[in-house]
Amino acid sequence: CNELTIENYLFYSAAMQWKGLQESDRVEKFESIYNDFIATGSPFEINVSSNQKDDVFEALTVAQKDGYAPEDALDSCLGDIMEFLRGSSYRFFRSDLYKDNYKQTLSIVDGNEERL
């Protein structure tokens with residue numbers, strides 16, 4: 001598919017913003033991202049594996065209990081969506097959203113957990 005699907009772009013945007021939040025603000029936004037993009041039947045459900053959905057749900061459950069959401073909790077989904085966007089849409093690479101998050105995105109896609 002050569003078309004940019006809006007749910008992928010919106011998820012990418014929300015996830016990158018979430019990564020920049022203060023730790024104290026991450027749990028609430030994590031729940032919102034899960035409900036909007038990852039949960040089965042969500043309004044902007046992205047196409048990720050059931051294992052990834054389960055892993056994110058488990059991370060969310062722990063985050064709600066502990067009050068802490070690790071910054072890498074969405075990286076598996078984010079990496080897959082980034083690969084889809086990378087392969088399917090030239091427009092995405094010209095977007096300010098991509099340019100503003102280029103280095104951090106590459107570290108996620110390449111599996112490097114270090115922030116560049």
Side-chain angles (χ1 to χ4, degrees):
C1 177
N2 290 326
E3 289 301 315
L4 177 66
T5 57
I6 193 66
E7 64 271 10
N8 291 330
Y9 189 84
L10 292 173
F11 171 74
Y12 176 83
S13 177
M16 295 307 288
Q17 289 173 9
W18 177 79
K19 286 178 141 316
L21 292 176
Q22 294 293 326
E23 190 175 296
S24 60
D25 297 327
R26 259 194 242 130
V27 174
E28 183 178 339
K29 184 67 175 174
F30 188 22
E31 184 174 354
S32 175
I33 289 171
Y34 178 81
N35 290 330
D36 289 345
F37 300 102
I38 299 171
T40 300
S42 58
F44 297 102
E45 186 175 355
I46 57 173
N47 186 13
V48 293
S49 74
S50 61
N51 288 340
Q52 288 171 301
K53 287 182 179 194
D54 291 346
D55 290 347
V56 172
F57 181 74
E58 184 177 323
L60 174 61
T61 301
V62 170
Q64 290 169 327
K65 179 182 172 236
D66 296 345
Y68 168 74
E71 189 176 326
D72 66 351
L74 295 171
D75 282 0
S76 173
C77 294
L78 190 55
D80 281 2
I81 295 305
M82 183 56 210
E83 285 297 318
F84 174 77
L85 292 171
R86 183 186 292 184
S88 69
S89 183
Y90 175 72
R91 291 178 295 173
F92 176 68
F93 290 99
R94 295 188 344 205
S95 73
D96 289 337
L97 177 64
Y98 176 76
K99 291 175 188 175
D100 291 346
N101 294 292
Y102 177 74
K103 285 184 179 181
Q104 188 175 7
T105 298
L106 287 181
S107 71
I108 293 164
V109 171
D110 292 339
N112 179 359
E113 306 238 343
E114 291 179 21
R115 304 254 338 235
L116 300 178

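For Glu58, the CD atom is loosely surrounded, since the number of other residues' heavy atoms within 6.0 Å does not exceed 12. By the 6.0 Å contact criterion, CG on Asn47 is open, its count of non-hydrogen atoms from other residues, nucleotides or ligands being 12 or less.
Between Phe44 and Phe11, the distance from one ring center to the other does not fall under 6.0 angstrom.
Under a 3.5 Å cut-off, the side chain of Glu83 and the backbone N or O of Gly79 do not form any donor-acceptor pair. Side-chain N or O atoms of Thr61 include one that pairs as donor or acceptor with a backbone N or O of Phe57 at under 3.5 Å.
Atom NZ of Lys29 and atom CD of Gln22 lie 15.5 Å apart (nearest 0.5 Å). Between the SG atom of Cys77 and the OH atom of Tyr34 there is a distance of 10.0 Å, given to the nearest 0.5 Å. Of the inter-residue distances, the one linking Leu78 atom CG with Asn8 atom CG reads 10.5 Å to the nearest 0.5 angstrom. With rounding to the nearest 0.5 angstrom, the OH atom of Tyr68 is 12.0 Å from the OG atom of Ser24.
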> Given Lys19 and Asp75, is the salt bridge (Lys or Arg N to Asp or Glu O under 4.0 Å) satisfied, shown in steps?
Replying inline: CA-CA 10 Å; Lys19 286 178 141 316; Asp75 282 0; 2.9 Å; yes
>> salt bridge (Lys or Arg N to Asp or Glu O under 4.0 Å), that's the test. Do Lys53 and Glu45 meet it? Break it down for me.
In response: CA-CA 11 Å; Lys53 287 182 179 194; Glu45 186 175 355; 2.3 Å; yes
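Of all heavy-atom pairs spanning Trp18 and Arg26, the tightest one is NE1-O, 2.9 Å. Pairing each heavy atom of Val56 with each of Ala73, the nearest pair is CG2-O, 3.9 Å. The two residues Ser42 and Asn35 have their closest heavy-atom pair at CB-O, 3.0 Å.
Using modelled atom types, one finds a donor on one side chain and an acceptor on the other under 3.5 Å when comparing Ser49 with Gln52.
Cluster annotation: Ile33 and Val62 are assigned to distinct hydrophobic clusters (Ile/Leu/Val/Met/Phe/Trp/Tyr, side-chain heavy-atom contacts under 4.5 Å, transitive). At a threshold of 4.5 Å between side-chain heavy atoms, the hydrophobic network of Ile, Leu, Val, Met, Phe, Trp and Tyr places Val27 and Ile38 in two separate groups. Put simply, Ile81 and Leu10 are part of the same group of oily side chains (I, L, V, M, F, W, Y) that touch within less than 4.5 Å, one to the next.
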